[in-house]
Engineer: 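I'd like to ask some things about the structure below.
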Amino acid sequence: MRLTTGIGALGLLAVPTVHAWGSLGHITVAYIATKFVKEDTATYFQDLLRNDTEHYMAGVATWADSIRYTKWGRFTKNFHFIDAKDTPPSYCGVDFERDCKEDGCVVSSIQNYTLQLFDSSLYPWRRAQAAKFVIHFVGDIHQPLHAENVAQGGNGIHVKWGNSELNLHHVWDTSIAEKMLGGVRRRQYQAAFEWAANLSSEIQTGKYMAQSKSWTDGMNLDDPIATSMAWANESNAFICSHVLPEGPREIVGQQLAGEYFEKAAPVIELQVARAGYRLAAWLDLIVDRITQSAQAVGSEEL
Ligand SMILES: *[C@@H]1O[C@H](CO)[C@@H](O)[C@H](O)[C@H]1NC(C)=O
Ligand SMILES: *[C@@H]1O[C@H](CO)[C@@H](O)[C@H](O)[C@H]1NC(C)=O
Ligand SMILES: *[C@@H]1O[C@H](CO)[C@@H](O)[C@H](O)[C@H]1NC(C)=O
Ligand SMILES: *[C@@H]1O[C@H](CO)[C@@H](O)[C@H](O)[C@H]1NC(C)=O
């Protein structure tokens, strides 16, 4: 049971868990990463994923969501998030021992599938699958409600969005980003491509130019857990400041498409930009290491 006591009193709904950063977010993250990876990295993953177009990452960015509710993919259902058992808004923070479930979480999964990419004994299709998981989970971890336990990452919190009633998780996965782009139904890839181009230029020469230099600080391929725990903790901090600034009871039934949206939009933008930039750096590190070990093996053989 994941629903904790007091849910009824909070007026929270027991809806099925739909832990999934919307497709728009994932595809945009993938296109940003595509923009920033080194040429060798692009070649490596185009080869592994058997797609030599500029869509090689974007095309697989939502695959992990497409299999999670299938019989085969059920084992991955907890891999998309880490349930920080904090108490927003007074205290935020993620603790790996406390919050990662026995069968895994987004932090352990980034490690698991990163290590699989190095494992040359695995068939290429297994390593391609690992790549798809890494591309997806680095996106997920940057959505604040993927690093929060309250009401199943906000899935059980009912709010107003314009004339609709939605759950809070959905608002952060999808609604905020779509509203920022003026609605994107049916043209997700095109919208994501344009958004990624904009955010990439903000990183290269615009409002993120200065701060993006520190986005890869502390990134350590020898310690994927510590690396992604820092991302999770940073993401979770927005729970206290922007997602539940007055706590989980206060937000129930509130209209979020107005002032709340205005404050949330810059957070979504920043997190998508960070996720894409970091994904690129992480994939670069992976390919550097694979190339180095291949060279080492090569020179032994001489
Ligand atoms: C590459 O991926 C894109 C997006 O999924 C797809 O439309 C295209 O057909 C793929 N190309 C190849 C050669 O597989
Ligand atoms: C690691 O990935 C494999 C292959 O998908 C999976 O079977 C296993 O459960 C994962 N391990 C953990 C600890 O997540
Ligand atoms: C990208 O930036 C241009 C120019 O600032 C803007 O008109 C457009 O709406 C933006 N598109 C997206 C998808 O962010
Ligand atoms: C995690 O974030 C909290 C605030 O949200 C901060 O106090 C704490 O130092 C952070 N811990 C780590 C390990 O970064």
Side-chain angles (χ1 to χ4, degrees), residues 22-35 42-43 45-66 82 84-100 107 125 128 131-132 135-136 141-142 144 147-150 176-185 187-208 214-215 217-220 223 225-245 265-273 276:
S23 304
L24 180 62
H26 280 293
I27 300 166
T28 307
V29 167
Y31 277 131
I32 296 171
T34 305
K35 196 97 178 171
T43 306
F45 284 102
Q46 283 179 330
D47 193 39
L48 187 63
L49 295 166
R50 296 169 171 277
N51 190 315
D52 60 3
T53 72
E54 62 186 335
H55 311 294
Y56 66 103
M57 271 202 249
V60 300
T62 60
W63 171 81
D65 280 335
S66 73
I82 182 166
K85 292 166 195 68
D86 51 3
T87 52
S90 57
Y91 155 75
C92 272
V94 190
D95 180 318
F96 184 71
E97 302 299 327
R98 182 192 64 190
D99 300 328
C100 192
V107 171
W125 69 265
K132 295 182 206 176
I135 290 165
H136 187 83
I141 203 169
H142 285 79
E148 176 54 43
N149 182 54
V150 165
I176 296 167
E178 289 190 354
K179 186 173 165 71
M180 286 169 67
L181 304 190
V184 296
R185 279 173 214 291
R187 38 180 292 274
Q188 297 230 77
Y189 284 85
Q190 185 56 33
F193 189 84
E194 284 170 21
W195 194 20
N198 282 10
L199 291 180
S200 298
S201 71
E202 295 294 355
I203 292 169
Q204 282 163 326
T205 54
K207 66 182 171 195
Y208 298 137
S214 65
W215 289 351
D217 285 357
M219 190 179 273
N220 181 0
D223 197 344
I225 297 286
T227 300
S228 58
M229 271 304 291
W231 299 340
N233 199 51
E234 173 194 76
S235 183
N236 163 276
F238 289 115
I239 298 291
C240 285
S241 62
H242 290 76
V243 181
L244 298 169
V267 173
I268 290 287
E269 208 178 20
L270 174 62
Q271 289 300 90
V272 168

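Note that ligands are numbered from 1 as they come in the structure, with each ligand's atoms numbered from 1 the same way.
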Engineer: Just by distance, with hydrogens left out, do Asp86 and Asn149 show a side-chain donor and acceptor under 3.5 Å apart?
Structural biologist: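 Their side chains do not contain a donor-acceptor pair, so the 3.5 Å distance test is not met.
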Engineer: Should Glu194 be counted as touching ligand 3, given the test is an N or O pair under 3.5 Å?
Structural biologist: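 By distance alone, the answer is no.
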Engineer: Is there a side-chain contact between Met229 and Ile82, using heavy atoms and a 4.5 Å cut-off?
Structural biologist: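 Of all side-chain heavy-atom pairs linking Ile82 with Met229, at least one is under 4.5 Å.
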Engineer: Kindly determine whether Gln46 and Asp52 satisfy side-chain hydrogen bond (donor to acceptor under 3.5 Å, both in side chains), including the steps that lead there.
Structural biologist: CA-CA 5 Å; Gln46 283 179 330; Asp52 60 3; over 6 Å; no
Engineer: Working note: Tyr189 + His55, criterion side-chain hydrogen bond (donor to acceptor under 3.5 Å, both in side chains); need CA distance, chi angles, decisive distance, verdict.
Structural biologist: CA-CA 9 Å; Tyr189 284 85; His55 311 294; over 6 Å; no
Engineer: Going by heavy atoms in the side chains, are Pro144 and Asn236 under 4.5 Å from each other?
Structural biologist: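 They are not in side-chain contact.
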Engineer: Would you say Trp195 and Gln190 make side-chain contact, with heavy atoms under 4.5 Å?
Structural biologist: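 In short, these two side chains do not touch, never coming nearer than 4.5 Å.
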Engineer: Are any of the N/O atoms in Asn233 less than 3.5 Å from those in ligand 4?
Structural biologist: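 N/O-N/O distance under 3.5 Å: yes.
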Engineer: Counting from 1, what ligand 3 atoms have a heavy atom of Leu181 closer than 4.0 Å?
Structural biologist: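 Numbered from 1, ligand 3 contributes 13 (C), 14 (O).
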Engineer: Quick one: ligand 1 N/O to protein N/O pairs below 3.5 Å?
Structural biologist:
| residue | atom | partner | partner atom | Å |
| --- | --- | --- | --- | --- |
| ligand 1 | 2 (O) | Asn51 | ND2 | 2.2 |
| ligand 1 | 11 (N) | Asn51 | ND2 | 3.1 |
| ligand 1 | 14 (O) | Asn51 | ND2 | 3.4 |

Engineer: Hey, does Ala230 sit under 4.0 Å from ligand 4 if you only count heavy atoms?
Structural biologist: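 Outside the 4.0 Å threshold, so no.
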Engineer: Heavy-atom distance under 4.5 Å between the side chains of Tyr208 and Glu269, does that happen here?
Structural biologist: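 Tyr208 reaches Glu269 side chain to side chain.
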Engineer: Which of the atoms of ligand 4 are close to Ala237, meaning less than 4.0 Å from one of its heavy atoms?
Structural biologist: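 Taking each heavy atom of Ala237 in turn, ligand 4 has 5 (O) under 4.0 Å.
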Engineer: Check whether any side-chain heavy atom of Arg50 sits under 4.5 Å from a side-chain heavy atom of Tyr56, and report yes or no.
Structural biologist: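 Heavy-atom side-chain distance check fails, nothing below 4.5 Å.
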